[in-house]
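Each chain gets a letter, A, B and so on, in the order the sequences are listed, and its residues count up from 1. Note that these values count all heavy atoms, side chains included, but never hydrogens, waters or copies made by symmetry.
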Amino acid sequence: MLSYLAKDHEIIRNVLKYRGLAKLKSTYVDALPEQVLERTGHIHTEYMQTVASTGRLSSNNPNLQNIPIRTERGRQVRKAFVPRNEEYILLAADYSQIELRVIAAMSEEETMIEAFKNGEDIHASTAARVFNVPLEDVTREQRGNAKTVNFGIIYGVSAFGLSNQTDLSRTEAKELIETYYETYPKLRKYMSAQVDFARDHGYVTTVSNRRRYLKDINSRNTIVRGAAERNAVNAPIQGSAADIIKIAMINIYNKLAEGGFKTKMLLQVHDELVFDVYKPELETIKSLIKEEMENAYALNVPLDVEMDTGVNWLEAH
DNA sequence: TCAATCACG
DNA sequence: ACGTACGTGATTGAA
């Protein structure tokens with residue numbers, strides 16, 4: 001509501017600005033130095049394996065999966081995460097668009113699979129198709145709207161939700177969603193098949209057969225049932241991505257141990273792994289990690305991993 | 001103890 | 001007519 005009103009009132013913009021700064025100060029700047037363990041000189045997060053209903057990890061005490069990156073002041077916090085000493089460098093390895101690749105693979109949507117096989121910018125590619133323009137004529141706005149739909153689809157967005165998230169009217173949003181499904185017809189089939197499966201069985205599954213039970217899937221309350229139906233679509237996507245990165249983590253852990261490497265795996269942030277790399281091992285480690293992450297699980301689309309190094313976590317992105 | 005807010009993917 | 005995009009954790013302030 002305040003974001004909505006901000007355009008008309010300076011005081012509301014200032015309230016939001018203050019809150020943003022207060023958040024950074026209380027949650028990160030003040031709190032994190034208190035979390036340094038005296039014995040090691042490091043912050044030690046705790047990973048929970050049985051909290052998130054989709055199979056993701058969660059992180060607490062402190063949460064290191066929500067370190068700021070979206071604002072300039074927030075990025076200054078991320079800079080504080082550094083290698084153990086000057087003989088080491090941080091390496092961040094991210095799965096590129098893993099959830100969209102998973103939904104493309106599970107739905108066997110050929111057009112989207114082809115786009116990934118060709119190494120296309122999926123949001124631009126989607127924009128070109130749904131707005132029916134050549135790839136090189138896609139505007140920033142069109143790509144932005146296509147990106148919002150691509151993400152929204154994974155969550156089961158409505159025309160109302162999409163219009164709130166973009167500058168499109170409800171009617172335009174509805175048309176865009178319809179065109180999207182005409183562009184990627186197997187996606188709609190897949191989503192409705194997941195909901196049907198959930199109605200019959202009471203659960204849905206990921207690529208490695210992790211289940212999420214959906215007790216509300218046959219509820220007579222349309223609101224409650226609608227939420228369960230979105231869960232039926234989203235959980236296999238988010239959960240399969242979680243399965244894949246967990247397999248990669250196990251294989252990387254074993255490879256690091258077998259190879260007697262000094263490099264250590266430090267953090268997991270859902271589609272990203274962060275390593276403290278012993279500099280002489282860097283080139284070996286980079287190819288090892290890329291190989292293990294991209295081949296952790298064979299889908300009918302390629303997985304792509306982007307990596308970068310830096311003297312701090314911000315620079316490694 | 002809970003809801004609201006806001007940090008992340 | 002209704003409500004309206006998934007998954008988390010930390011902090012704050014009121015109940």
Can a side chain N or O of [X] be found less than 4.0 Å away from OP1 or OP2 on [N]?
{"X": "A:S53", "N": "C:dT8", "answer": "yes"}
{"X": "A:T54", "N": "C:dG7", "answer": "no"}
{"X": "A:R78", "N": "B:dA7", "answer": "no"}
{"X": "A:R56", "N": "C:dT8", "answer": "no"}

Side-chain donor-acceptor contact under 3.5 Å, [X] with [Y]:
{"X": "A:N150", "Y": "A:Y180", "result": "yes"}
{"X": "A:E272", "Y": "A:Q268", "result": "no"}
{"X": "A:S59", "Y": "A:T45", "result": "yes"}

Using a heavy-atom cut-off of under 4.0 Å over every strand shown, decide if [X] touches base, sugar-phosphate, or nothing.
{"X": "A:V51", "answer": "sugar-phosphate"}
{"X": "A:I69", "answer": "sugar-phosphate"}
{"X": "A:I67", "answer": "sugar-phosphate"}
{"X": "A:A242", "answer": "nothing"}

Taking [atom1] from [X] and [atom2] from [N], how many angstroms apart are they, rounded to a whole number?
{"X": "A:L100", "N": "C:dA5", "atom1": "CG", "atom2": "C1'", "result": "14 Å"}
{"X": "A:E99", "N": "C:dC6", "atom1": "CD", "atom2": "P", "result": "13 Å"}
{"X": "A:N63", "N": "C:dG9", "atom1": "CG", "atom2": "P", "result": "7 Å"}
{"X": "A:Y155", "N": "C:dT4", "atom1": "OH", "atom2": "P", "result": "17 Å"}
{"X": "A:L21", "N": "C:dT11", "atom1": "CG", "atom2": "P", "result": "17 Å"}
{"X": "A:D216", "N": "C:dG3", "atom1": "CG", "atom2": "P", "result": "17 Å"}
{"X": "A:L162", "N": "C:dG3", "atom1": "CG", "atom2": "P", "result": "21 Å"}
{"X": "A:L24", "N": "C:dA10", "atom1": "CG", "atom2": "P", "result": "16 Å"}

TODO: Tell me whether the centres of the aromatic rings in A:H201 and A:Y213 are closer together than 6.0 Å.
DONE: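 When the ring centroids of A:H201 and A:Y213 are compared, they turn out to be at least 6.0 Å apart.
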Open item on the list: side-chain contact (heavy atoms from CB on, under 4.5 Å), that's the test. Do A:R212 and A:T54 meet it? Break it down for me.
Closed with: CA-CA 7 Å; A:R212 177 167 181 179; A:T54 54; 3.9 Å; yes
Task: Nearest-nucleotide comparison on DNA chain C, the residue closer to the 5′ end among A:A22 and A:R170 - done: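 In this pair, the answer is A:R170.
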Open item on the list: Heavy-atom nearest nucleotide on DNA chain C for A:R230 versus A:K23: which residue maps closer to 5'?
Closed with: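 Closest to the 5' end, via its nearest nucleotide, is A:R230.
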Open item on the list: Could you tell me the Watson-Crick or G-U partner of C:dC2, where both distances fall under 3.5 Å? Say none if there is no partner.
Closed with: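 Check on C:dC2: unpaired, no WC or wobble geometry under 3.5 Å.
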Task: Counter-base of B:dC2, judged by Watson-Crick or G-U geometry with both distances under 3.5 Å - done: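 For B:dC2, the partner nucleotide comes out as C:dG13, under the 3.5 Å rule.
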TODO: Measure from the side chain of A:H270, starting at C-beta and using heavy atoms only, and say which of C:dG7, C:dG3, C:dT8 lies closest.
DONE: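 Nearest nucleotide to the side chain: C:dG7.
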Task: Nucleotide nearest A:Q238 (side chain, heavy atoms from C-beta), chosen from C:dT8, B:dG9, B:dA7 - done: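 Per side-chain heavy atoms of A:Q238, the pick is B:dG9.
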Between N or O atoms, less than 3.5 Å apart, protein on one side and nucleotides 13-15 of chain C on the other: list the pairs.
none

Task: Lys/Arg-Asp/Glu bridge criterion (N-O < 4.0 Å) met for A:R13, A:E10 - done: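 No, A:R13 and A:E10 are not salt-bridged.
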Task: Any N/O donor-acceptor pair, A:Q65 side-chain to B:dA7 base, under 3.5 Å - done: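 For A:Q65, whose side chain was compared with the base of B:dA7, there is no donor-acceptor pair (under 3.5 Å).
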Open item on the list: Distance criterion of 3.5 Å, no angle test: do you see the side chain of A:S158 paired donor-to-acceptor with the base of C:dT4?
Closed with: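 Such a pair is found, so the answer is yes.
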